[in-house]
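The structure appears below as structure tokens.
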Amino acid sequence: MTARILDGRAVSATILDRVRREVGEFVDETGRVPCLATVLVGDDPASHTYVRMKANRCAKVGMRSHRVELDASITTETLVDRIRGLSADPEIDGILLQHPVPSHIDERAAFEAIDPTKDVDGVTRTSFAQMAFAEGGFASATPGGIMALLDAYDIPLAGKHAVVIGRSAILGRPAGMLLLARDATVTYCHSRTVDLAERVAEADVVVAAVGRPGLVRGEWIKPGAVVVDAGYADNTGDVEYEAAAERASFITPVPGGVGPMTIATLLEQTIKAARDHEAFRTHGSA
Ligand code: NAP
């Protein structure tokens, strides 16, 4: 078997076309341009690249981006204050704090300074609870993008065994919650998991979210399984691509799979936030 590609570039392009149209309608109706604030702390080159890509995409769909760059040495208090300022600013619809922040900063405190109505990257406790209870709200951008990609290919999830490798707050954990909300049977694996190979071999759907190139061996994949590789380190995913593609029914390439879906989800959620804010201003409710 040679897997079909889950083409994140093509699916995200369709989503971004729709977002561009929705932004145009929003501007016509309100006279206001939706705005995403991006907050970058420190000078990690990869983080700079991600933020630049997000700002470029904003421009392509007709949104504004407001870039905040802060020195790596700032304190948690200063960062929290800056994010609270953005949360209170009526011109800002969405806030993205680029992860990771320098290790001396309390990242959770910084995330929680984001007003939940502007949490378009889905990183606050409020958003996590909404994902966990299947109550709508904003999905974490990468897991939300993964779900949109699976849906674009009509991949059934109810009753399927999904194995999520990784349990970070922004990726693995919410990915499992979103799969659970769609009635998958979810197993989480992490650094303390014994027999990762056996867990993966049981999976109908594998979501790899670790950041260790080649961790998931192609021979572990159950024939016909769906493989989603969110990992990205040294330009490589977590899954041994060629060998896995021989066994899987669908697989994401790296790059060109999950990455573009993350940005599309972020911008889709930003226009939604802008509409909700506008509805609140007009009618007093979203
Ligand atoms: P993270 O916070 O470092 O979490 C990594 C997770 O992998 C942890 O839960 C860790 O387990 C687990 N892990 C580590 N070694 C393992 C092993 N040998 N076996 C099984 N699990 C293991 O990373 P993250 O922020 O979630 O990101 C994960 C990857 O996704 C990275 O490569 C990142 O670049 C990529 N990413 C991609 C996108 C995108 O848009 N494509 C977005 C975000 C992240 P413990 O919890 O036990 O430590």
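Note that ligands are numbered from 1 as they come in the structure, with each ligand's atoms numbered from 1 the same way.
Contact record, Val123 with Arg108: O-NH1, 2.9 Å, taken as the closest heavy-atom pair. Nearest heavy atom pair, residue Arg64 against residue Cys58, reads O-SG, 4.2 Å. Nearest approach of Val19 to Leu267, heavy atoms of both residues: CG1-O, 4.0 Å.
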For residues 140-157, run the donor-acceptor check on the side chains, cut-off 3.5 Å, and write out each pair with its distance to 0.1 Å, sequence neighbours left out.
| residue | atom | partner | partner atom | Å |
| --- | --- | --- | --- | --- |
| Ser140 | OG | Gly122 | O | 2.6 |
| Thr142 | OG1 | Thr262 | OG1 | 3.1 |
| Asp151 | OD1 | Arg182 | NH1 | 3.3 |
| Asp151 | OD1 | Arg182 | NH2 | 2.9 |
| Asp151 | OD2 | Arg182 | NH1 | 3.1 |
| Tyr153 | OH | Asp7 | N | 3.0 |

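Among all protein heavy atoms, the one lying closest to atom 34 (O) of ligand 1 is Tyr232 O, 3.1 Å. Ranking the protein heavy atoms by distance from atom 2 (O) of ligand 1 puts Ser168 CB, 3.4 Å first. Scanning the protein for heavy atoms near atom 5 (C) of ligand 1, the closest one is Val210 O, 3.6 Å. Regarding atom 25 (O) of ligand 1, its nearest protein heavy-atom neighbour is His99 NE2, 3.3 Å. With hydrogens left out, the protein atom closest to atom 37 (C) of ligand 1 is Ala230 O, 3.1 Å, a heavy atom.
Of all the listed residues (Ala141, Ser191, Gly259, Pro255), Ser191 holds the heavy atom that lies closest to atom 22 (C) of ligand 1. By heavy-atom distance, the residue among Leu215, Ile165, Thr262, Leu266 lying nearest atom 18 (N) of ligand 1 is Leu215. Ranked by closest heavy atom to atom 31 (C) of ligand 1, the top entry among Gly211, Pro174, Pro143 is Gly211. Selection from Arg173, Arg167, His190, Arg192 by nearest heavy atom to atom 8 (C) of ligand 1 gives Arg167.
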Thr252 vs Asp229, test: side-chain hydrogen bond (donor to acceptor under 3.5 Å, both in side chains). Steps then yes/no. CA-CA 6 Å; Thr252 55; Asp229 191 351; 5.6 Å; no
If you apply the rule side-chain hydrogen bond (donor to acceptor under 3.5 Å, both in side chains), what do you find for Asn235 with Tyr232, and how did you get there? CA-CA 6 Å; Asn235 295 318; Tyr232 193 67; 2.8 Å; yes
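With values rounded to the nearest 0.5 angstrom, Asp276 atom CG is found 9.5 Å from Asp93 atom CG. Leu79 CG to Ile105 CD1: the interatomic distance, rounded to the nearest 0.5 Å, is 5.5 Å. Atom NZ of Lys118 is separated from atom CG of Asp89 by 6.0 Å, given to the nearest 0.5 angstrom.
Interface of Ile170 with ligand 1, defined as ligand atoms under 4.0 Å from a residue heavy atom, comprises 25 (O). For ligand 1 and Gly166, the ligand atoms under 4.0 Å from any heavy atom of the residue are 6 (C), 7 (O), 9 (O). Heavy-atom proximity to Arg212, at under 4.0 Å, picks out these atoms of ligand 1: 15 (N), 18 (N).
Looking at ligand 1, you won't find any N or O of Leu171 less than 3.5 Å from one of its N or O atoms.
Of the heavy atoms in Thr142, only side-chain atoms (C-beta onward) come closer than 4.0 Å to ligand 1. Residue-level proximity to ligand 1 for Met261 is absent, since no heavy atom of it falls below 4.0 angstrom. Contact annotation: for Ala209 versus ligand 1, heavy atoms closer than 4.0 Å belong to the backbone alone. At a heavy-atom distance under 4.0 Å, no atom of Thr193 approaches ligand 1. Looking at Asp238 against ligand 1, nothing comes within 4.0 Å, counting heavy atoms.
Within the 4.0 Å heavy-atom cutoff, Gly231 counts among the residues contacting ligand 1.
Cluster membership check: Ile15 shares its hydrophobic cluster with Leu36, using side-chain heavy-atom separations under 4.5 Å among Ile, Leu, Val, Met, Phe, Trp and Tyr.
Here the options are Ile221, Val164, Val228, the test is side-chain contact (heavy atoms from CB on, under 4.5 Å), and the partner is Val206; only Ile221 passes. When Thr30, Asp115, Thr117 are each tested for a side-chain hydrogen bond (donor to acceptor under 3.5 Å, both in side chains) with His277, only one passes: Thr117.
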